[in-house]
Amino acid sequence: MDALLSAYELGPMPLANRVVMAPMTRSRARDGQADENTATYYAQRAGAGLIVSEGVPISAQGTGYLYTPGIHRETQVAAWRRVTQAVREQGGRIVAQLWHVGRVSHRSLQPDGRAPVSSVAVAGGQAFAYHPDGTPGNMAASRPEALDEGGIQAVIEDFRRAAANAMAAGFDGVEIHAANGYLIEQFINPILNTREDRYGGATLESRSRLLLEVVDEVNDEIGAERVGVRLSPYNELQEMPRHADTAETYLYIADALERRKIAYVHLVVQGQVMSSGLLARFRQRWHGTLISAGGLTAEQADRLIKDGLTDLAAFGTPFVANPDFVERIRHGWPLASVDRSAFYGGGAEGYIDYPTYPASLVPA
Ligand SMILES: Cc1cc2nc3c(=O)[nH]c(=O)nc-3n(C[C@H](O)[C@H](O)[C@H](O)COP(=O)(O)O)c2cc1C
């Protein structure tokens, strides 16, 4: 495990090891802002070389789930500041995952009950919002409206402001969420995005334009060395249609990000990304820091680093039940199993009550 546990220089951020805590929405932010439990949760997991926060909505429009902690109001920025301080006190590093869900939302969450927005007016995905009687629950996302050019500029501006807010809240940087079927991927996908304007699906250049304009704006605001992008080639989450252009699309994006010299690309490598060879091809085109994530064991991650296929490896589920995940890897201690029913919502249970490996079991 020596490769995975070795130190790494991520631009201006020295990391103690190459283990990244993957972004995980936990839906426990009662009034849409981080709280004391959020600070405890992340501080407990600060042994990761880098933490990527749960998805952080950049605007009310960009919110698709109740109880997710945003970063567009002053009180939310102050709330996140307590979290970043708690992580720093434990010697950790944390970036904010900036999130606009696009069509994966519901009118009950949108300002003035308006429709959510997307590349096109085609519904898809599941939101966590309010039923007509006011009770919260999972429900089909509302039919979105296609953003016009003015609306697109407003979204880009929201990303910029959220990045500035993240720095004001003490984050080490930001990760632009362009994965898992949310707004930016709703533009990248050529089957869904049938627009005919300069953000349309007909060419690689136009359907990548929203992502790249967001990156340029955020780079301009906080410096490219503090900006990461998360991508999920072959993703079908949130009803994203499969398409034959996946490799071509993501290699084009690799080249475009290479020119922009951002801090890292975070690839969800589950499923076909590895088996199709796209990971290796991506690596040849993107020479900056690469984080791989998705169903990895520590052993597999260590091997990927040794084989030169990735620099860092992100783990989601293992971090939920193992706040001391890195120590468990270091010592070969067994991993605790996770209670999936407590992934989303609720309080401290299944959130901040997972113990570290018991000292009584550590051989003397
Ligand atoms: C409870 C939960 C919440 C998640 N929330 C997010 C999220 O907010 N943003 C994101 O990009 N991925 C999210 N993911 C995906 C993870 O970042 C990761 O890619 C996935 O869990 C696969 O990695 P693993 O097998 O190590 O868990 C979430 C996963 C889980 C289990």
Side-chain angles (χ1 to χ4, degrees), residues 1-24 39-54 83-97 170-175 225-230 262-270 274 279 283 286-336 338 352 354-359 362-363:
M1 229 53 81
D2 46 323
L4 184 59
L5 294 175
S6 63
Y8 187 80
E9 296 290 323
L10 182 58
M13 297 176 255
L15 309 184
N17 56 66
R18 296 173 186 234
V19 177
V20 176
M21 177 175 164
M24 280 181 292
T40 302
Y41 168 73
Y42 285 111
Q44 287 172 338
R45 288 157 180 78
L50 179 69
I51 295 172
V52 183
S53 80
E54 61 208 281
V83 177
T84 61
Q85 269 166 9
V87 170
R88 195 148 301 127
E89 277 161 22
Q90 297 302 314
R93 304 223 161 240
I94 181 167
V95 298
Q97 190 186 49
F171 282 99
D172 290 291
V174 303
E175 174 173 296
E225 72 283 3
R226 295 197 177 272
V227 177
V229 169
R230 191 171 218 216
I262 58 170
Y264 69 82
V265 173
H266 186 172
L267 271 191
V268 182
V269 296
Q270 249 149 342
M274 274 205 260
L279 175 62
R283 186 76 165 156
W286 161 254
H287 297 98
T289 296
L290 187 65
I291 307 178
S292 298
L296 297 176
T297 63
E299 290 74 16
Q300 286 167 333
D302 195 62
R303 174 53 45 209
L304 281 179
I305 296 170
K306 287 187 172 125
D307 288 346
L309 283 168
T310 198
D311 299 299
L312 307 171
F315 302 84
T317 324
F319 261 110
V320 173
N322 299 276
D324 56 343
F325 181 56
V326 172
E327 285 311 295
R328 291 189 191 225
I329 299 172
R330 192 186 311 282
H331 299 288
W333 296 335
L335 296 180
V338 71
I352 55 172
Y354 283 105
T356 53
Y357 191 67
V362 176

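Residues: numbered from 1 along the sequence shown. The analysis underlying the following values was restricted to heavy atoms, covering all of them including side chains, and did not include hydrogens, waters or symmetry mates.
- Under the side chain to side chain donor-acceptor pair (under 3.5 Å) criterion, T40 pairs with no residue, sequence neighbours left out.
- Every pair passing salt bridge (Lys or Arg N to Asp or Glu O under 4.0 Å) that includes a residue from residues 315-326 is listed here, sequence neighbours excluded: D324-R328.
- Checked against ring pair (Phe, Tyr, Trp, His ring centres under 6.0 Å), Y354 has no partners two or more places apart in sequence or in another chain.
- Partners of Y42 according to the ring pair (Phe, Tyr, Trp, His ring centres under 6.0 Å) rule, which considers only residues two or more places apart in sequence or in another chain, do not exist here.
- In this structure R18 satisfies the side chain to side chain donor-acceptor pair (under 3.5 Å) test together with S6, sequence neighbours excluded.
- For R230, the side chain to side chain donor-acceptor pair (under 3.5 Å) criterion is met by H266, not counting sequence neighbours.
- For T310, the side chain to side chain contact (heavy atoms under 4.5 Å, CB included) partners two or more places apart in sequence, or in a different chain, are L290, S292, L304, I305.
- Every residue two or more places apart in sequence or in another chain was checked for a ring pair (Phe, Tyr, Trp, His ring centres under 6.0 Å) with Y264, and none qualifies.
- Contacts of T317 classified as side chain to side chain contact (heavy atoms under 4.5 Å, CB included), with partners at least two apart in sequence or in another chain: V338, R340, F343.
- Proximity of a side-chain donor or acceptor of D302 to a complementary backbone N or O of A298 within less than 3.5 Å is not detected.
- Taking E327 as the reference, R330, H331 meet the side chain to side chain donor-acceptor pair (under 3.5 Å) condition, with sequence neighbours excluded.
- Among pairs with a residue in residues 302-321, those fulfilling ring pair (Phe, Tyr, Trp, His ring centres under 6.0 Å) read F315-F325, F319-F325, at least two apart in sequence or across chains.
- Residues meeting the side chain to side chain contact (heavy atoms under 4.5 Å, CB included) test with A39, sequence neighbours left out: V83, A86.
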